[in-house]
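Just so you know, ligand 1 is whichever comes first in the structure, and atom 1 is the first atom listed for that ligand. All heavy atoms count here, side chains included; hydrogens, waters and symmetry mates do not. The structure presented is a predicted model; accordingly, all values stated were derived computationally and were not measured.
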Amino acid sequence: MAREEEYDKLPDKDAAKEFYAKYEPKELLGRGISSTVRRCIEKETGREYAAKIIDLSNDDATLEGTKQEVNILRTVVGHPYIIELQDVFESSTFIFLVFELCKHGELFDYLTSVVTLSEKKTRYIMKQVFEGVQHIHSRGVVHRDLKPENILLDDNLNVKITDFGFAKKLEKGELLHDLCGTPGYLAPETLKTNMFEDAPGYSFEVDIWACGVIMYTLLVGCPPFWHRKQMVMLRNIMEGKYSFSSPEWTDISESPKDLIRKLLVVDPKQRISIEEALQHEFFQSVKLDFDTIQIKEIGSVKLQTSKFNARRKFKMAILFVRAMVRIQRLRFTPEPLSVDTARTDPYRIKLLRKIVDGCAFRVYGHWVKKGEGQNRAALFENAPKTDLKHIYLANLSR
Ligand code: ADP
Ligand code: MG
């Protein structure tokens, strides 16, 4: 018996010993259901990493799950927008996964600190997310838990997709049936598969749906399908019921809305593909190549092609910058302040709205919990609750 115990403990100690011999663990970076993530330093090089320490003692399923996670991490390795797995130490009670460190943490916390992202920043982030997901899919893997908590940001605010705990490698044409992920990001087909006997199952398209939910959330700070009652939220998802009617959307241009409409399509077969999404006009930035500009001389038949003319190039650059500044100023010109609107509906005024939302997040930001709660949306609620409305109206009519 004593022998058996010794056998059980031996490999553990070795794995832990090996890890601690090579790395020095530092402060906590994050915590999951059965894992803690700490910053650590490789003793030999002084380089920083993030170690995900998984406790296997609670449940047998964790070991299988972690082995699958490691397998998948190795399948999707080698892309700039996917987290890099550096080292693995395995024992029967703990597994240590050593990852590249993302100093800027989760996109979730970044969003909470800035409340909303501009169209330009959203474009920057979403392009990388789509390219990362495209790579994951190209390796036959579906992620199944894409959300701002699982998108990390490195030193240069570049995206690193992480947490492959629910990811699955699919055989050609294989459909999945199990319910996993985070409620607010679940695709309609995932929910339907679990509700209706004759539902066909789901596949890669669930990640594209989640991208739609993420993009919506980045632009206005709150998620598209949130409802205090989770059942209502799930029904809204299955019906694809969301809107661009909140005041935040009035300042947002048509092209991101169009892309979101094409991402949040209930039927996965009709949903836009990643390739098409990356081709969408939202991601097409204006290209101006000064070297190819042709200048037509008025009054002469001569068509002059400018090869390299430093002076002309400089002049064009100045004109371009001046125009850009003007266009930008135009967008940020404050709306005329109407005292009437400010009195009756202050939230309609962008400047006041930004102040109100900013204050709410500064005071209550720590309440915004991760995962299923989606209570970020609660901080954006500016319409009275229906039950309160009844009381208010009843009082009015008295
Ligand atoms: P879980 O499967 O438990 O959700 P994750 O892999 O998502 O575990 O990690 C949990 C949290 O730890 C992340 O949401 C993030 O805050 C932090 N974290 C994970 N990996 C890194 C990393 N490489 N760099 C910085 N922080 C990280
Ligand atoms: Mg996670």
For the CD1 atom of Ile83 and the CG atom of Asp163, what is their distance to the nearest 0.5 Å?
10.5 Å

Any idea which atoms of ligand 1 are less than 4.0 Å away from a heavy-atom of Phe99?
23 (N)

His104 and Asp154, any side-chain heavy atoms less than 4.5 Å apart:
no

Look at Asn150 and state whether any of its N, O or S atoms is less than 2.8 Å from the Mg ion (ligand 2).
yes

Lys52: numbered ligand 1 atoms lying under 4.0 Å from its heavy atoms
1 (P), 2 (O), 5 (P), 6 (O), 8 (O)

For Glu149, the atoms of ligand 1 under 4.0 Å from one of its heavy atoms are 14 (O)

Measure the acute angle between the ring planes of Phe89 and Tyr23, then classify it against the limits of 30° and 60° as parallel, tilted or perpendicular.
perpendicular

Ile125 and its side chain to side chain contact (heavy atoms under 4.5 Å, CB included) partner, picked from Ile214, Leu117, Leu157
Leu117

Is the shortest N/O to N/O distance between Leu152 and ligand 1 below 3.5 Å?
no

With a cut-off of 2.8 Å, does any N, O or S atom of Asp163 fall short of it relative to the Mg ion (ligand 2)?
yes

Aromatic centroids of Tyr81 and His79 separated by under 6.0 Å
yes

Which of the atoms of ligand 1 are close to Ser35, meaning less than 4.0 Å from one of its heavy atoms?
3 (O), 8 (O)

Ring centres of Phe164 and His143 under 6.0 Å apart?
yes

For Asn150, take its heavy atoms, then give the atoms of ligand 1 lying under 4.0 Å from any of them.
7 (O)

Checking heavy atoms under 4.0 Å, the part of Cys102 that sits near ligand 1 is both

Contact atoms of ligand 1, heavy-atom distance to Glu106 under 4.0 Å:
13 (C), 14 (O), 15 (C), 16 (O)

Give the atom numbers and elements of ligand 1 that come within less than 4.0 Å of a heavy atom of Ile83.
23 (N)

Close N or O approach (Arg31, ligand 1; < 3.5 Å)
no

Tell me whether the rings of Phe94 and Phe96 are parallel (<30°), tilted (30 to 60°) or perpendicular (>60°).
tilted

Side chain or backbone, does Asp163 bring an N or O within less than 3.5 Å of an N or O on ligand 1?
yes

Is it the case that the ring center of Tyr216 lies less than 6.0 angstrom away from the ring center of Trp209?
no

Test of ring centre spacing under 6.0 Å for Tyr202 and Phe204
no

